**Student:** 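One structure follows; several queries about it will come next.
Just the heavy atoms: all of them, side chains too, but no hydrogens, waters or symmetry mates, feed the values below. Order of listing sets the numbers, starting from 1, for every ligand and every atom in it. Note that this is a predicted model, so its numbers are computed, not measured.
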Amino acid sequence: MARKTTGKKEKEKTDMADKKRYCYAFEEGDGTNKKLLGGKGAGLCTMTQIGLPVPPGFVITTEANVDYLEYDKFPEGLMDEVHEYMEALEKKTEKGFGDPNKPLLVSVRSGSALSMPGMMDTILNLGLNDETVGGLCALTKNERFVYDAYRRFLQLFGKIGLGVKDEGFDEIFEETKKKYNAQVDTELTAEAMKEVCAHFKDNIKKQTGRPFPQDVWAQLYISIEGVFRSWMGKRAVDYRRQFNITPEMALGTAVNICTMVFGNMGNDSATGVGFTRDPGTGEHMMYGDYLINAQGEDVVAGIRTPRPLRELRTDMPDIYKELEKLNSTLEKHYREVQDYEFTIERGKLYMLQTRNGKMNAWALCKTSVDLVKEGLITEEEALLRIDPDMLEQFLHRRIDPDFKQEPLAVGISASPGAATGKVVFDADRAEYLGNQGEKIILTRVETKPEDIHGFFAAQGILTSRGGKTSHAAVVARGMGKPCVSGAEGLDINYELKEARVGDVVMKEGDIVTLDGTAGAVYLGAVPMLDPDLPKDLKTLMEWADKYAKIEVWANADTPDMAQRAREHGAMGIGLCRTERMFNEADRLPLMRNMILADTPEERKRWADKLTPMQRQDFVEIFRAMNGLPVTIRLLDPPLHEFLPSIEELINDVNRLREFSQIMYAMEQLPGTVAMLDPELYKQMPSIESLTREVGDYRAKGLDQKLLKQKEQVLRRVRVLHEYNPMLGNRGVRCGISFPEIYDMQIKAIFEAVAIALREKIDARAEIMIPNVCTVQELVWVKPRVENLHKEVEKRYNVKIKYKFGTMVEIARACLRAARIATVAEFFSFGTNDLSQGTFSFSREDAENKFLPIYNTEGILRHNPFEILDELGVGRLMQIAVKEGRETRPDLKIGICGEHGGQPQAIEFCHRIGLNYVSCSPMRIPIARMAAAHAAIKENQVGAQVTRAL
Ligand code: PEP
Ligand code: MG
């Protein structure tokens, strides 16, 4: 490969062509190849090549680092190249490396393909020694500056090149400051700095057993090796592990060798950092900080307070203008906001680094729209800049990111958002206090349907047990309230109305703050930020819908949720879990009675009472979703979930029995006392009246009546009890065992459509059957649907259109999709159950017990309940899509498990050809963005393939 800079003979060039090349001058490196040149090196090359003022230099590639680590020595030819490029630098700068009269000084900086803050090593002023300092003094006429540079170099070189700890250097420096009564570094004179340098050299000798190398080439070799080794240093390895940086993403660090420029050469020199736009707001303005007469590390170290970049306009107007121009050149080239470092040396501006600017979500949205308006990027590129999950920040209250405090307890981030309120341990009390206007955090070991009124009253929900699909988590998410579940450190005692975490006791009424996004619980109120929708989000969402192919629907169980879903842009309801409608205080007793009924007739009687309530909810949902499909799933959970627990009932029954015995004993009391002690009996005249009162009370038989009821419920709960309810009599199995329940629901749906149609509402019901494993289950249910459909059409004298379909959430249903599609007009993947079934993991047990171990041991990379397992669960889905559509080509297929709101899964669903994803109303913007990403990325890949052909 030919080199532009070295001017070697043709023959040598040809020889080099066979060798691996390790060095590239900034003029020649390919700025798009960050993997080879590292981010910093690539940026320096690009800036040089687009005509920005970069001090001359070159990059040693990441490959050189990899080869060094492999052979544990410099790879063959590397140092020859380094010499060659240093010579070229000498020519360009007209200085000499190690020349005591005109010394060339360089910086040596690491830089891998991905930015890894905290691991980046930088050595400045390399090339200084006891001789060259003299030359530099003569050149700069500033002894203090030179010895300051020398001591900085000695420390950095000692640390990075020779592994000498900072502490020794810092001590020496502090002692010198004390000796000369200096508060800050700048108060030290040249003489004091000279002293520091001498002590630093002694320190190096003491710590390493060898003198500080005066030979500048030795300095360079040692520094390059130091940077190379830092790639495998603990800091860097930990960082890569923490942020999942794989070798495919970044392998090895490049070493950038760049001529030194000095921002501390007087008041016409400065150093600073800039952003081409404000990273906090996205505003197009000069943003950044600078310090006059300082080196880069002074800005970072915070010794002096930097000034806002806009003030440079008055300090150095020409440079300011140059920077303005440079901002625009950088953005035009990178088509992205840039974050750069610069130095001004005696009135001349130099660029030392540029990279894509990291911005907060608000700035990212604004700049996405602005960059499109300015014609710098396309709409597709603007959308791809935005990580869909980031949109979550706009939708919920959140803890102020500046707040840093250890949480009292941590649990599972079950429902995002943050809330502060008083701890209350039962739902009734939560409701009572909530109605008084108090802010409440409902705190339970776990929640049940009968706690629902407490949910309504609370700002947030906290449980000590349960995972992301616990009742608390699912209901809170549906309501958009923050929830921390499974905070196992909390020891809740209902009797004492307190919860303990170690020694800390949280009493009812104490204030706590929940961070449902992070799964943390704090004592007291914590500063929070309100949800804040950026004004550009609407534009971005419109663009997203334009590119997306897969539709986004919502999981919504109530009219309120449906309304919210529509506001967020849902194109339909993909899952209305009807069981949630029974949770309200006036409905639960009816539901219980229906379940407790001994005969079908009695069950129907109770079911008939529930019909109007369900019907009313459906009507309201149809109103909210006018013109859009509403998928209503018939009852799914096992029935005993609606009943009190066996333990609670046994407790009640025992108490009532004891009460009866006590009452009986009291009735017998006069006779018993008389028998034991006739004298005492005579002294207790009131005993007869007490006995009479007890007798009267017993005659009413209230306790007996209640006892009988409780015993009956207990019997029924025992009958309904299942060893493994998630695999038991639930969903369609329950519907077949107790047909009155499904009949009631189907009737309510059709009647609601009829009522809505009369109001001229375009109600589009889709009836969905849960937990189907064989087509025969659908064959059993369908005629009941058809009969009720006919009956309601006739009674209301309307034509009702509807669809009949099924959840696909059992592995067998995937494998029998071809047959199931003969009856089902649509499929909806229930990936919550499908994931549990495919792995044979119960989610709660898995997440609380072995999944974290599986993740850390690398047995499973992800939690399959959060990240869709494409290889297993996804494969089953693919089979179902393919075979289902072979039977019914227009089969509509969606997903309504939690993965439906997860960007990676949405991309997968797009790829396998689903028509829609359905997720909780609050995730709809995220899903819309993810749907657009999926389509745009597919187009890009498609375009690449076409180009390759
Ligand atoms: C599912 O299993 O994915 C699903 C949506 O149903 P549920 O979570 O209600 O069991
Ligand atoms: Mg399910």
Side-chain angles (χ1 to χ4, degrees), residues 414-415 449 466-479 485 553-558 561 565 572-583 630-639 641-642 722 724-735 745 766-773 777 805-814 826-844 846-847 863-869 872-874 876-877 880 893-902 905-906 908-909 914 916-921 923 927:
S415 177
K468 280 210 167 165
T469 43
S470 60
H471 175 267
V474 174
V475 176
R477 269 202 302 279
M479 290 182 178
S485 67
W553 296 18
N555 292 357
D557 316 319
T558 61
M561 287 170 79
I573 289 183
L575 176 63
C576 171
R577 290 179 164 107
T578 51
E579 56 270 16
R580 301 276 169 75
M581 297 174 164
F582 300 124
N583 282 338
V630 177
T631 313
I632 300 169
R633 183 180 76 182
L634 302 189
L635 192 77
D636 181 4
L639 293 182
E641 278 201 10
F642 297 94
E722 292 175 292
N724 196 340
M726 292 316 277
L727 302 177
N729 196 10
R730 61 178 281 214
V732 68
R733 299 159 219 159
C734 194
Q745 295 197 298
E766 312 212 335
I767 297 176
M768 180 157 77
I769 311 300
N771 285 108
V772 166
C773 66
E777 289 165 327
T806 181
M807 294 280 293
V808 176
E809 53 185 337
I810 290 177
R812 191 177 190 280
C814 295
F826 65 88
F827 286 176
S828 179
F829 287 110
T831 44
N832 301 336
D833 275 303
L834 193 57
S835 301
Q836 299 208 74
T838 307
F839 280 87
S840 272
F841 289 174
S842 115
R843 179 169 183 175
E844 312 274 279
E847 285 183 339
N863 173 349
F865 301 108
E866 283 177 359
I867 304 283
L868 183 73
D869 163 49
V873 176
L876 284 168
M877 292 167 72
I893 309 180
I895 175 175
C896 63
E898 278 204 37
H899 305 91
Q902 194 260 331
I906 293 171
F908 177 76
C909 292
L914 298 205
Y916 67 90
V917 296
S918 187
C919 58
S920 76
R923 285 198 75 83

**Student:** Between ligand 1 and R843, can you find any atom pair, the residue atom being a heavy atom, that is separated by under 4.0 Å?
**Tutor:** no
**Student:** Between R577 and ligand 1, which residue portion shows a heavy-atom distance shorter than 4.0 Å: side chain, backbone, both, or neither?
**Tutor:** side chain
**Student:** Hey, does T831 come in under 3.5 Å of ligand 1, counting only N/O atoms on both sides?
**Tutor:** yes
**Student:** Spell out, as yes or no, whether a donor-acceptor pair under 3.5 Å connects the side chain of T831 to the backbone of L834.
**Tutor:** no
**Student:** Does the plane of the ring in F827 sit parallel, tilted or perpendicular to the ring in F829? Use 30° and 60° as the thresholds.
**Tutor:** perpendicular
**Student:** Any sub-3.5 Å donor-acceptor pair from R812's side-chain atoms to C773's backbone N or O?
**Tutor:** yes
**Student:** Would you please name every residue forming a side-chain hydrogen bond (donor to acceptor under 3.5 Å, both in side chains) with E766, sequence neighbours left out?
**Tutor:** K892
**Student:** Sorted by chain and residue number, which protein N/O/S atoms are under 2.8 Å from the Mg ion (ligand 2)?
**Tutor:** E809 OE1, D833 OD2
**Student:** Could you list the residues that satisfy side-chain hydrogen bond (donor to acceptor under 3.5 Å, both in side chains) with S918, not counting sequence neighbours?
**Tutor:** N555
**Student:** Under a 4.0 angstrom heavy-atom cut-off, which atoms of ligand 1 come close to M807?
**Tutor:** 4 (C), 5 (C), 6 (O)
**Student:** Would you mind telling me if ligand 1 is within reach of the side chain of R633, the backbone, both or neither, using heavy atoms under 4.0 Å?
**Tutor:** side chain
**Student:** Residues in side-chain contact (heavy atoms from CB on, under 4.5 Å) with Q745, at least two apart?
**Tutor:** T578, F582, Q614, L634, L635, Y742
**Student:** At under 4.0 Å between heavy atoms, which part of R580 makes contact with ligand 1: side chain, backbone, both or neither?
**Tutor:** neither
**Student:** Where on D636 is there a heavy atom closer than 4.0 Å to ligand 1, on the side chain, on the backbone, on both, or on neither?
**Tutor:** side chain
**Student:** Counting distance only, does the side-chain N/O of T631 pair as donor-acceptor with the main-chain N or O of I573 below 3.5 Å?
**Tutor:** yes
**Student:** With backbone taken as N, CA, C and O and side chain as the heavy atoms from C-beta onward, which portion of L575 lies under 4.0 Å from ligand 1: side chain, backbone, both, or neither?
**Tutor:** side chain
**Student:** So, N832 versus E809: side-chain donor-acceptor pair below 3.5 Å or not?
**Tutor:** no
**Student:** Is the shortest N/O to N/O distance between E579 and ligand 1 below 3.5 Å?
**Tutor:** no
